[in-house]
Amino acid sequence: MERMKLVLQYFQSNSESISNGICIVLALVSVKLYTSFDFNCPCLPQYNKLYSLGVMLVPPVILFFLGVLVNRHTGVMMDEWMRPIGNRSKNPAVVKYLFSAMLQRALLAPMVWILVTLLDGKIFICAFSVSVDPALFSGLPNNTGLDVIRIMAKVPCKEDLIFRNSSFRKAVSRYVRCYSQAFGWSILLFLIVLGAMGRLIKPCFDDHGTFLQTRYWSNYLDVEQKLFDETCVLHARDFARKCVVQFFEDMREDEIICLPHPPFIPRSGEQWEEEEERLHGISRQEQVDQLLSKWYNSKPVLDVTRIAHRPRPCVTWEDRQGKTLYSDV
């Protein structure tokens with residue numbers, strides 16, 4: 001139970017961890033879909049390969065675009081790539097890093113689907129049983145009145161009457177399945193070696209300091225967008241509350257209406273002042289639209305010097321004689 005909590009805390013820690021968790025879930029879903037999918041080969045020479053390649057390639061394409069859709073890096077990357085320059089210059093390295101991160105995660109589920117199909121071998125048998133030379137095996141049913149191509153196309157259909165009590169179909173199936181599994185393990189080995197070589201060789205050619213800067217600013221863009229969305233939600237809530245209160249105050253006449261106090265309406269004046277601060281003096285729809293348009297067209301400069309050096313209020317406590325006791329900053 002504790003390990004499960006640690007795993008959940010990891011996936012909830014940041015957007016990158018959430019993206020990793022979503023990609024892992026998609027990979028597991030692809031495995032579950034394949035195991036529950038009832039694959040029935042047409043057993044016709046002109047349709048076997050087309051149907052098999054469709055089952056092998058179409059679901060990975062769907063899973064890839066689904067991975068692109070649910071990946072948060074996609075939205076952050078497109079926003080950074082398409083936004084006007086405004087007051088903040090664009091960093092192509094950050095866009096490239098976000099694209100690479102999005103692509104790696106989106107490719108996980110499709111690769112899992114392809115590897116599972118190759119290691120299972122049923123789709124490969126359906127697609128390439130016609131390409132096998134029947135002279136390599138004994139027991140070919142030659143009393144069926146069918147040509148060799150049609151007989152080989154029926155190899156994936158073990159319930160077919162022409163292969164009853166025949167070891168020919170099993171031998172051909174094992175032969176093609178061996179090739180399928182060999183391709184699957186070869187692709188898996190290649191991906192592992194490629195990832196290991198990339199991890200080992202990349203530091204030799206890339207500046208680690210530049211990589212840290214790129215990763216920092218890519219994380220910054222993600223955090224900035226989330227904070228902006230959260231701030232917009234708070235501002236919209238307070239703006240809507242003010243509009244509703246103002247509407248009922250305008251409709252009110254001289255009579256006094258007694259209503260129960262909702263829990264979400266603040267009770268003290270300090271909370272009302274805090275809401276006024278969150279509105280930042282924006283009291284009209286035109287001001288809100290102008291502010292949002294300014295945020296999109298000219299992002300603020302990445303410089304917080306003015307806030308960092310902003311003077312802080314100092315409260316000095318004195319006794320009755322005017323002697324300073326202590327100060328609070």
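- In this structure, CG on Leu98 lies 10.0 Å from CG on Asn91, to the nearest 0.5 angstrom.
- In this structure, a donor-acceptor pair under 3.5 Å is present between the side chains of Asp120 and Tyr34.
- Shortest non-hydrogen contact noted between Cys232 and Leu292 is SG-CD2, 4.3 Å.
- Summarising the local packing, OH of Tyr220 is surrounded by more than 12 heavy atoms from other residues, nucleotides or ligands at distances under 6.0 Å.
- Taking 4.5 Å as the limit, some side-chain heavy atom of Phe168 sits within range of a side-chain heavy atom of Met152.
- Nearest heavy atoms, Ser129 versus Val155: CB-CB, 4.1 Å.
- When the shell of 6.0 Å around CD of Gln285 is examined, it contains 12 or fewer heavy atoms from other residues, nucleotides or ligands.
- No more than 12 heavy atoms of other residues, nucleotides or ligands lie within 6.0 Å of CD1 in Ile149, so this atom counts as exposed by the packing criterion.
- Side-chain atoms of Lys299 do not come within 3.5 Å of backbone N or O of Asn87 as any donor-acceptor pair.
- Both Leu118 and Leu188 are assigned to one and the same hydrophobic cluster, defined by single-linkage of ILVMFWY side chains at heavy-atom distances under 4.5 Å.
- Heavy atoms of other residues, nucleotides or ligands lying less than 6.0 angstrom from CZ of Phe239 number more than 12.
- Nearest heavy atoms, Cys126 versus Asn48: O-CB, 3.1 Å.
- Between Glu230 and Arg237 there is no salt bridge, since no side-chain nitrogen of the basic residue lies less than 4.0 Å from a carboxylate oxygen of the acidic one.
- Contact check for Met102 versus Phe99: side-chain heavy atoms found under the 4.5 Å cut-off.
- Of all non-hydrogen atoms in Tyr97 and Arg215, the two that sit nearest each other are OH-CG, 3.5 Å.
- Interatomic distance, Ile24 CD1 to Leu108 CG, rounded to the nearest 0.5 Å: 7.5 Å.
- In this structure, the separation between CZ on Arg72 and CG on Asp222 is 4.5 Å, given to the nearest 0.5 Å.
- Expressed to the nearest 0.5 Å, how far CZ of Phe128 lies from CZ of Arg177 amounts to 15.0 Å.
- Between Lys122 and Ser52 the shortest side-chain heavy-atom distance does not fall below 4.5 Å.
- Residues Leu291 and Ile282 meet the side-chain proximity criterion, which asks for heavy atoms closer than 4.5 Å.
- Put simply, the side chain of Asp147 gets close to the backbone of Arg150: a donor and an acceptor are under 3.5 Å apart.
- Ring orientation note: the planes of Phe37 and Phe39 are tilted relative to one another, at an angle of 30° to 60°.
- A distance of 5.0 Å separates CD1 in Ile123 from CE in Met56, rounded to the nearest 0.5 Å.
- Between Ala101 and Asn71, the shortest heavy-atom distance links the atoms O-ND2, 4.2 Å.
- Remark: Trp295 CH2 is packed, more than 12 non-hydrogen atoms of other residues, nucleotides or ligands lying under 6.0 Å away.
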Task: Stepwise salt bridge (charged side-chain N to carboxylate O under 4.0 Å, His left out) check, Lys96 with Glu80 - done: CA-CA 11 Å; Lys96 181 180 177 182; Glu80 180 65 14; over 6 Å; no
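- With hydrogens and angles ignored, the 3.5 Å screen pairs no side-chain donor or acceptor of Ser180 with any backbone N or O of Val176.
- The shortest side-chain heavy-atom distance between Tyr296 and Asp79 does not fall under the 4.5 Å cut-off.
- With respect to Phe190, the side-chain contact (heavy atoms from CB on, under 4.5 Å) criterion is satisfied by exactly one of Ile192, Ile187, Leu194, Val193: Leu194.
- Surrounding CZ of Arg88 are more than 12 heavy atoms belonging to other residues, nucleotides or ligands, all under 6.0 Å away.
- Using cut-offs of 30° and 60° on the angle between ring planes, the pair Tyr179 and Phe183 is tilted.
- Within 6.0 Å of atom CD in Gln290, 12 or fewer heavy atoms from other residues, nucleotides or ligands are found, so the atom counts as exposed in its surroundings.
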